[in-house]
Amino acid sequence: MNTLKKTDPEIYSAIQGETKRQMEKLELIASENYVSPSVLEAQGSVLTNKYAEGLPQKRYYGGCEWVDVAETLAIERTKKVFGCEHANVQAHSGTQANIAVYLACLNIGDTIMGLYLPHGGHLSHGHPMNFSGKYYKVIGFTVKKETELVDYEEAERLALEHKPKLICVGASAYSRIFDWKRFREICDKIGAIFMADMAHYAGLVAAGLYPSPIPYADFVTTTTHKTLRGPRGGIVMCKAQYSQTLDKTIFPGTQGGPLMHVIAAKAVALGEALKPSFKKYQSQVLNNARAFAQNLSKMGFRIVTGGTDCHMFLVDLQSKNLTGKVAEESLDKAGITVNKNTIPYDPQKPFIASGIRIGTPALTTRGMKEKEMEKISIWMDRALKNTGNEAELKKISQEVKNFCKKFPLESHLKSMI
Ligand SMILES: *Cc1c(COP(=O)(O)O)cnc(C)c1O
């Protein structure tokens, strides 16, 4: 960064500030992680200079021999990690990956079905402000009020009634296992295309710790930057029969030149996911999430669904007379970063929300284990009992800062590769 320091001190200082923030605070946002120095290096490389429209060996530009090597590795490693028949690694993001599948399978005005957004679904599964909600008719299945688990009977009933052309299954805030097989059976009853969006769970799926949708779904989309711990981006996988349609929909259908530096970084992350240390990392992520949820539960916090099968869970703050918004702000002052989140059947609007979402991928990358989760949950409890007490929150943030020094990012990042 010596060059940037001289040529653009303003941006240099923003990057320094963000680095410091990442080092001194506890990152509990479920969709975030710390990539390895190797991923960072690949993403910051000269591959950003190259135009490579098309696919390896079939490009519209000359000089693609080296980016072809990188993209071929990314494709082959995706197939190896997830066992899919076909993969396209060019989607710029998780949302772009979903757009590509919709455009490959649907016409404007067709009906899609996905998890009702306030119950954990994603914007790109049919939010009215998102293209998916504007261009398609959206049916949402829900979670049951008593158990907060997916209501498969309702999903089947809605599918038979509305005959969606595509059923999209996945979530940003659902901590339990999806029964992929059950959704395959529902799709087969009405001849619908089954798309699984495993954006959040991909790292656990890669490690064999969360059921894989690959055997059941026609299309599987994912982000690469959440539990998978790669650069920001997306990947689409599909059955062989859809491979050409998918590739054409990504380019020229929805994107121009692929981000070759990001694709190289995806390949690096997927290479890391093939190592035994990745499985160890993911099982620690899972153990940490379970320990964290149990600790909070013991302190009187209600965990949505009562626990978790993955890297994240939701905390219902209603019995503590707090909103998600207040909790997020107070925790941030205490050096603990979370996001407010609606809980199923939330009486509050999303901008206020009754809950927070907690995830352990980033803390685990730093090398923290169950013992540290306990410490953090005690800080959380203390901060949430002192939401208006600036002095106490500041005191906690100081303790957090000192604690973080024991888990320096650099050394843990180096040890994981
Ligand atoms: C995060 C997420 C996405 C979108 O990812 P972006 O890269 O932010 O566009 C899509 N689907 C689900 C379920 C997600 O959680």
Side-chain angles (χ1 to χ4, degrees), residues 27-33 35 39 43 82 88-103 112-127 129-133 136 138 140-143 150 166-178 180 183 194-206 210-213 217 219-237 250 254-255 258-259 262-263 265-266 269 285 289 308-314 338-342 344 350 355 357-362:
E27 186 54 73
L28 270 72
I29 293 180
S31 48
E32 293 187 14
N33 213 329
V35 298
V39 167
Q43 191 168 4
F82 296 110
N88 187 304
V89 297
Q90 293 188 355
H92 298 332
S93 72
T95 300
Q96 290 283 108
N98 291 347
I99 291 179
V101 177
Y102 296 154
L103 279 166
I112 61 173
M113 185 168 94
L115 177 59
Y116 178 54
L117 303 186
H119 289 188
H122 187 257
L123 285 175
S124 60
H125 300 178
H127 188 281
M129 297 278 280
N130 185 263
F131 83 98
S132 54
Y136 308 111
V138 181
F141 59 90
T142 62
V143 300
V150 168
L166 178 146
I167 299 184
C168 162
V169 183
S172 304
Y174 186 66
S175 65
R176 297 302 189 167
I177 282 167
F178 278 105
W180 307 118
F183 275 108
F194 179 14
M195 163 188 164
D197 177 353
M198 62 171 182
H200 260 272
Y201 316 105
L204 293 162
V205 170
Y210 188 96
S212 172
F219 292 87
V220 176
T221 59
T222 184
T223 56
T224 43
H225 49 273
K226 297 179 182 173
T227 49
L228 197 54
R229 206 165 60 181
R232 308 200 76 75
I235 293 180
V236 188
M237 291 157 263
I250 300 241
T254 60
Q255 298 184 175
L259 312 176
V262 177
I263 290 174
K266 286 175 186 171
V285 166
T308 179
D309 298 324
C310 64
H311 59 293
M312 60 147 147
F313 58 90
L314 295 176
V338 304
N339 63 285
K340 61 180 172 291
N341 215 104
T342 52
R357 186 182 63 164
I358 290 180
T360 54

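Indexing begins at 1, ligand by ligand and atom by atom, following the structure's order. Only heavy atoms go into these numbers, but all of them, side chains included; no hydrogens, no water, no symmetry mates. Here the structure is a predicted model, which means the values were calculated and not measured. Along the sequence shown, the residues carry numbers beginning at 1.
- The shortest heavy-atom distance from Gln96 to ligand 1 is not under 4.0 Å.
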**OP:** Given side chain to side chain contact (heavy atoms under 4.5 Å, CB included), test Gln43 with Val262 step by step and report yes or no.
**Re:** CA-CA 5 Å; Gln43 191 168 4; Val262 177; 3.8 Å; yes
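- Contact annotation: the side chain of Leu166 approaches that of Val101 to within less than 4.5 Å [non-hydrogen atoms, C-beta and beyond].
- Contacts with ligand 1 closer than 4.0 Å are made by side-chain heavy atoms of Ala199 only, the backbone lying farther away.
- Taking a 4.0 Å cut-off on heavy atoms, Ala171 registers as neighbouring ligand 1.
- Atoms of ligand 1 found under 4.0 Å from any heavy atom of Ser93 (numbered from 1 in listed order, with element): 7 (O), 9 (O).
- A side-chain contact (heavy atoms from CB on, under 4.5 Å) with His125 is found for one member of Leu117, Val138, Leu115 and no other, namely Leu117.
- Shortest non-hydrogen contact noted between Val169 and Phe194 is CG2-CE1, 3.6 Å.
- Relative ring orientation between Phe178 and Tyr174 is described as tilted, the plane-to-plane angle lying within the 30° to 60° band.
- Atom 7 (O) of ligand 1 has as its closest protein heavy atom Gly94 N, 2.9 Å.
- Contacts of Thr95 with ligand 1, taken as heavy-atom pairs under 4.0 Å, involve both backbone and side chain.
- The shortest contact between atom 13 (C) of ligand 1 and any protein heavy atom is with Asp197 OD2, 3.3 Å.
- Under 4.0 Å from ligand 1, the heavy atoms of His225 that appear belong solely to its side chain.
- The heavy-atom pair separating Asn98 from Ser124 by the smallest distance is ND2-OG, 2.9 Å.
- Residues forming a side-chain hydrogen bond (donor to acceptor under 3.5 Å, both in side chains) with Ser132 (at least two apart in sequence, or on another chain): Asn130.
- Of the N or O atoms in Thr223, none lie within a sub-3.5 Å distance of an N or O in ligand 1.
- When non-hydrogen atoms are compared, ligand 1 lies under 4.0 Å from the side chain of Lys226 (C-beta onward) but not from its backbone.
- Residue Ser172 approaches ligand 1 through these ligand atoms, each under 4.0 Å from one of its heavy atoms: 12 (C), 13 (C), 14 (C), 15 (O).
- The neighbour count for Tyr136 OH, taken as heavy atoms of other residues, nucleotides or ligands under 6.0 Å away, is above 12.
- Of all atoms in ligand 1, numbered sequentially from 1 with element shown, those under 4.0 Å from a heavy atom of His200 are 15 (O).
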